[in-house]
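Here, residue 1 is the first one in the sequence, and each next residue gets the next number. In this text the structure is predicted, and so the values were computed from the model without any measurement. We use all heavy atoms of the structure for the numbers below, so side chains are in, but hydrogens, waters and symmetry mates are not.
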Amino acid sequence: RAGLSPRRESFMQQARDRLNYADAILGTAHPAVVVSAAYYGMLYAARAALSERGEFAKTHSGTWTLFSQVFVAPGEFDQRLSALARRAKAAREEGDYEAAPPSPEEAAEFVTGTAQFIAAIELMLA
């Protein structure tokens, strides 16, 4: 597509790659690994959207706070999908740092949610 910033396109490619990976390993890999890949898909998509507005945050939390301010609060982006991304962030952290892995069902839900999140970002930026 014409007019895409190279930074946005590279973030979106990362987002799609992580989603494809999460989808490919769903049901075979540890659910925490699936959730981590799905979460990063959403994070990169959020960064792609923010880059289009010249915005960038260094941390994950900062990215989500900024994303909320720029896109969710004004009503440009679905609140439900934004909440899902925050849940995925928490699930990833619990799986990675607290040894409290998500269930396979939760992992599957996050993969589906990531596909919806990325699609919504692509639609919003179209």
Side-chain angles (χ1 to χ4, degrees):
R1 281 175 285 177
L4 287 192
S5 73
R7 185 164 179 79
R8 167 177 151 192
E9 198 37 64
S10 79
F11 277 137
M12 285 309 294
Q13 192 53 57
Q14 281 286 336
R16 289 187 287 265
D17 288 349
R18 298 304 171 98
L19 169 61
N20 291 338
Y21 177 63
D23 199 38
I25 63 173
L26 184 63
T28 58
H30 192 288
V33 177
V34 176
V35 169
S36 185
Y39 165 72
Y40 274 98
M42 289 189 264
L43 182 73
Y44 281 117
R47 286 183 168 162
L50 287 167
S51 75
E52 282 297 284
R53 300 283 169 92
E55 300 278 3
F56 180 78
K58 286 193 168 116
T59 66
H60 291 220
S61 291
T63 298
W64 293 117
T65 299
L66 199 55
F67 185 81
S68 241
Q69 290 167 351
V70 175
F71 297 108
V72 183
E76 275 188 74
F77 193 81
D78 187 342
Q79 230 171 341
R80 184 187 61 82
L81 287 173
S82 176
L84 181 88
R86 288 186 181 270
R87 279 187 22 241
K89 177 182 185 289
R92 181 194 76 94
E93 289 166 357
E94 285 166 19
D96 288 354
Y97 306 124
E98 308 296 331
S103 70
E105 294 74 27
E106 281 177 301
E109 182 195 349
F110 285 127
V111 173
T112 301
T114 298
Q116 293 169 348
F117 189 97
I118 291 172
I121 294 280
E122 286 174 330
L123 198 63
M124 184 175 75
L125 298 180

> Which heavy-atom pair separates K58 from R47 by the least distance, and what is that distance?
Replying inline: O-NH2, 3.9 Å
>> Could you measure the distance from the CE atom of M12 to the OG atom of S51? Nearest 0.5 Å is fine.
In response: 10.0 Å
Show the atom names and distances, to 0.1 Å, of all donor-acceptor pairs under 3.5 Å that link a side chain in residues 109-119 to residues at least two apart or in another chain.
from	atom 1	to	atom 2	distance (Å)
E109	OE1	R87	NH2	3.4
E109	OE2	R87	NH2	2.7
T112	OG1	A108	O	3.2
T114	OG1	A38	O	3.1
T114	OG1	F110	O	2.8

> What pair of heavy atoms forms the shortest contact from E76 to V70, and how long is it?
Replying inline: OE2-O, 3.8 Å
>> Set out, in order, the CA-CA distance, both residues' side-chain angles and the distance that settles salt bridge (Lys or Arg N to Asp or Glu O under 4.0 Å) for R8 and E122, then state yes or no.
In response: CA-CA 11 Å; R8 167 177 151 192; E122 286 174 330; over 6 Å; no
>> Can you give me the closest heavy-atom contact between A37 and R18, atom names plus distance?
In response: O-CB, 3.3 Å
>> Which heavy atom of V35 sits nearest to which heavy atom of P102, and what is that distance?
In response: CG2-CG, 3.5 Å
> So which heavy atom on L26 is nearest to which on A107, and how close?
Replying inline: CD1-C, 4.0 Å
> How about Q13 and D17: do any of their side-chain heavy atoms sit closer than 4.5 Å?
Replying inline: yes
> Out of curiosity, L84 CG to Q79 CD, how far, rounded to the nearest 0.5 Å?
Replying inline: 13.0 Å
> So among W64, F71, F67, which one has a ring pair (Phe, Tyr, Trp, His ring centres under 6.0 Å) with F77?
Replying inline: F67
> Pick one: which of E93, R86, H60 meets side chain to side chain donor-acceptor pair (under 3.5 Å) with Y39?
Replying inline: H60
> Between T63 and A57, which heavy-atom pair has the shortest distance, and what is it?
Replying inline: N-CB, 3.4 Å
